[in-house]
Peer 1: 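The structure is given below, and queries will be raised subsequently.
Scope of the values below: all heavy atoms of this structure, side chains included, with no hydrogens, waters or symmetry mates. Just so we're on the same page: letters track the sequence lines, and every chain starts at 1.
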There are 2 protein chains.
Amino acid sequence: MDSTVATERALDAAEELFYRNGIQAVGMDDIRAVSGVSLKRLYQLFPAKERLVEAYLERRDAHWRERLAEHVERHRDPERRVVAVFDRLGEWFAEPGFNGCAWINSYGELGAASEPVARQVRSHKAAFKDYVAKLVARAGLPVQLGEQVFLLAEGAMVSAAITRSTAPATHAANATRLLIAAHRR
Amino acid sequence: MDSTVATERALDAAEELFYRNGIQAVGMDDIRAVSGVSLKRLYQLFPAKERLVEAYLERRDAHWRERLAEHVERHRDPERRVVAVFDRLGEWFAEPGFNGCAWINSYGELGAASEPVARQVRSHKAAFKDYVAKLVARAGLPVQLGEQVFLLAEGAMVSAAITRSTAPATHAANATRLLIAAHRR
DNA sequence: CGAGGGGGAGAACGAGCGTTCTCCTCCTCG
DNA sequence: CGAGGAGGAGAACGCTCGTTCTCCCCCTCG
């Protein structure tokens with residue numbers, strides 16, 4: 001098996017298992033079993049579990065933001081794009097196997113114990129917030145709204161995970177529409 | 001040492017250690033060392049670590065909501081009370097040792113592995129949401145606003161933890177004021 | 001005073017797991 | 001064909017940790 005392929009399979013397994021069960025609950029041997037990549041190879045590709053965790057979060061970050069952007073950019077109207085963030089969140093919440101925000105979960109689990117993980121989380125959240133801020137700016141709306149929409153999004157993710165419901169996406173979208181109107185006048 | 005006192009000391013140690021370091025990172029022996037309660041006694045009081053975790057979350061829930069209520073009820077104006085939720089959050093975020101929402105963290109760490117913990121988290125969040133809803137209703141504002149304020153609060157907690165900043169409380173409070181005004185007209 | 005038992009200190013046990021090592025297979029290249 | 005090395009299977013190692021056990025002290029009560 002090619003080294004690139006092995007890396008990909010390892011990351012696929014890591015994503016599936018870490019996201020569903022949490023990081024500490026998954027052993028390297030579980031990764032081996034699901035990916036079919038031997039332990040020896042795994043440790044060649046990722047010298048420690050922590051590195052695999054970092055790589056998992058990093059790859060997931062790229063994918064997650066890509067899919068968000070795809071969804072948002074289907075809309076032309078810059079104001080509509082801001083609200084479209086919550087369309088994407090609602091869709092995500094409804095996916096089978098949705099289990100909350102991988103970064104928030106990882107932070108709760110390892111933020112205190114692993115600085116590299118904490119860094120990944122901060123970097124992902126900063127990137128997401130920047131993206132929202134950009135959407136808000138393009139719509140000619142004030143910076144403040146960016147912060148507010150970001151907080152609504154974070155709240156929706158957490159709440160959707162804990163209550164196993166998609167409703168928070170709708171509530172957050174409603175709030176966003178009201179806030180936009182309020183800022184417009 | 002009286003059995004009531006031992007329970008209290010065990011819970012004090014649990015709260016300090018679990019909240020700061022995460023639950024899985026803390027061993028029963030650490031609880032023993034900090035509380036001064038012997039392992040034998042610990043296991044008499046809490047037949048398994050999971051029970052201690054449940055008790056920790058339960059006691060913290062009572063305290064947390066008490067302190068929120070105290071803060072909110074200093075204000076007479078029912079509308080002001082809604083915003084006062086974020087005054088309390090801001091104060092909390094600034095406390096030394098603030099490390100995010102204990103329930104969100106626990107859910108990220110153990111929600112997938114422990115049904116009792118997941119239940120505690122859901123119950124705490126439901127209680128907090130109900131409290132916000134009650135404040136909103138007393139101010140003669142529509143139910144929808146309750147959901148929105150709740151999401152802002154959750155988002156603020158998560159964001160304050162990850163960025164180690166108190167600013168989210170201010171942003172959420174601003175959003176809430178705008179939403180109240182929007183709902184009033 | 002002596003038996004009994006509750007409680008403490010800490011060793012012990014058993015499982016899980018991150019990481020490494022051993023041994024074997026098989027492919028490659030001279 | 002033969003040497004060498006990469007890679008796989010899985011055992012082994014060492015550590016952590018939840019939980020239990022042993023041994024001892026000391027207080028209580030007859």
Side-chain angles (χ1 to χ4, degrees), chain A residues 1-57 105-106 108-117 120, chain B residues 1-57 105-106 109-118 120:
Chain A
M1 193 189 319
D2 182 289
S3 174
T4 329
V5 177
T7 303
E8 225 168 285
R9 292 207 187 155
L11 287 173
D12 289 346
E15 180 141 9
E16 180 187 329
L17 296 175
F18 287 157
Y19 182 64
R20 175 151 38 99
N21 305 317
I23 292 168
Q24 314 209 53
V26 173
M28 290 300 274
D29 200 59
D30 299 325
I31 303 279
R32 180 201 55 76
V34 168
S35 66
V37 177
S38 73
L39 279 180
K40 200 180 195 174
R41 207 90 135 84
L42 272 179
Y43 276 92
Q44 278 171 9
L45 300 168
F46 307 96
K49 186 184 181 183
E50 195 173 50
R51 297 305 185 81
L52 177 58
V53 173
E54 288 180 71
Y56 144 62
L57 290 176
N105 293 348
S106 303
E109 207 177 336
L110 297 173
S114 162
E115 192 47 44
V117 168
Q120 285 282 337
Chain B
M1 192 190 319
D2 183 290
S3 172
T4 329
V5 176
T7 303
E8 225 168 286
R9 292 206 188 155
L11 286 173
D12 289 346
E15 180 141 9
E16 180 187 330
L17 296 175
F18 287 158
Y19 182 64
R20 173 152 38 103
N21 305 317
I23 292 168
Q24 314 208 54
V26 174
M28 290 299 273
D29 201 60
D30 299 325
I31 303 281
R32 179 201 56 76
V34 169
S35 65
V37 176
S38 73
L39 280 180
K40 201 180 195 176
R41 207 90 135 86
L42 272 180
Y43 276 92
Q44 278 171 8
L45 300 169
F46 307 97
K49 187 184 181 184
E50 195 172 51
R51 297 305 184 82
L52 177 58
V53 174
E54 288 180 70
Y56 145 63
L57 289 176
N105 293 348
S106 303
E109 206 177 336
L110 296 172
S114 162
E115 191 47 44
V117 168
Q120 285 281 338

Peer 1: Could you check whether A/K49 gets within reach of a base, just the sugar-phosphate, or nothing at all, counting any heavy atom under 4.0 Å?
Peer 2: sugar-phosphate
Peer 1: Expressed as a whole number of angstroms, how long is the span from A/I31:CD1 to C/dG18:P?
Peer 2: 9 Å
Peer 1: Could you tell me how far apart A/L39 (CG) and D/dA11 (P) are, to the nearest whole angstrom?
Peer 2: 12 Å
Peer 1: Does the side chain to side chain contact (heavy atoms under 4.5 Å, CB included) test come out yes or no for A/I31 and A/K49, once each step is laid out?
Peer 2: CA-CA 10 Å; A/I31 303 279; A/K49 186 184 181 183; over 6 Å; no
Peer 1: For B/E50 and B/K40, find the nucleotide of DNA chain D closest to each by heavy atoms; which residue's nucleotide sits nearer the 5' end?
Peer 2: B/E50
Peer 1: So what does A/V26 hit on the nucleic acid, given a heavy-atom distance under 4.0 Å: a base, only sugar-phosphate, or nothing?
Peer 2: sugar-phosphate
Peer 1: Whole-Å distance between C/dC17 C1' and A/L42 CG?
Peer 2: 14 Å
Peer 1: Okay, side chain of B/E109, backbone of B/Q24: is any donor-acceptor separation there less than 3.5 Å?
Peer 2: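 Looks like yes, one N/O pair under 3.5 Å.
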Peer 1: Which one, D/dG18, C/dT19, D/dG7, comes nearest to the side chain of A/R41?
Peer 2: D/dG7
Peer 1: To the nearest Å, how far apart are A/Q44 CD and C/dT19 C1'?
Peer 2: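 Nearest whole value for this atom pair: 14 Å.
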Peer 1: Atom CD of B/Q24 and atom P of C/dC17: how far apart are they, to the nearest Å?
Peer 2: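 Atom CD in B/Q24 sits about 10 Å away from atom P in C/dC17.
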Peer 1: Could you tell me the separation between the CG atom of B/D29 and the P atom of D/dT20, rounded to a whole number of Å?
Peer 2: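 To the nearest whole Å, that distance equals 15 Å.
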Peer 1: Specify the separation, in whole Å, of atom OH of A/Y43 and atom C1' of D/dC13.
Peer 2: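 Taking atom C1' of D/dC13 as the reference, OH of A/Y43 is at 13 Å.
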Peer 1: Check whether any side-chain heavy atom of B/D12 sits under 4.5 Å from a side-chain heavy atom of B/S35, and report yes or no.
Peer 2: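 They are not in contact (no side-chain heavy atoms under 4.5 Å apart), so the answer is no.
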Peer 1: Are A/D29 and A/R32 close enough for a salt bridge, meaning some N to O gap below 4.0 Å?
Peer 2: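 Yes, this pair counts.
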Peer 1: Can a donor-acceptor pair be found between the side chains of A/Q120 and A/S106 at a distance below 3.5 Å?
Peer 2: no
Peer 1: Taking the nucleotide of DNA chain D with the nearest heavy atom to each, does B/I23 or A/R32 sit closer to the 5' end?
Peer 2: A/R32
Peer 1: Starting at atom CZ of B/R51, determine the distance to atom C1' of D/dT19, rounded to an integer number of angstrom.
Peer 2: 15 Å
Peer 1: Closest-nucleotide mapping onto DNA chain C: is A/M28 or B/G36 further toward the 5' terminus? I mean the 5' end.
Peer 2: B/G36
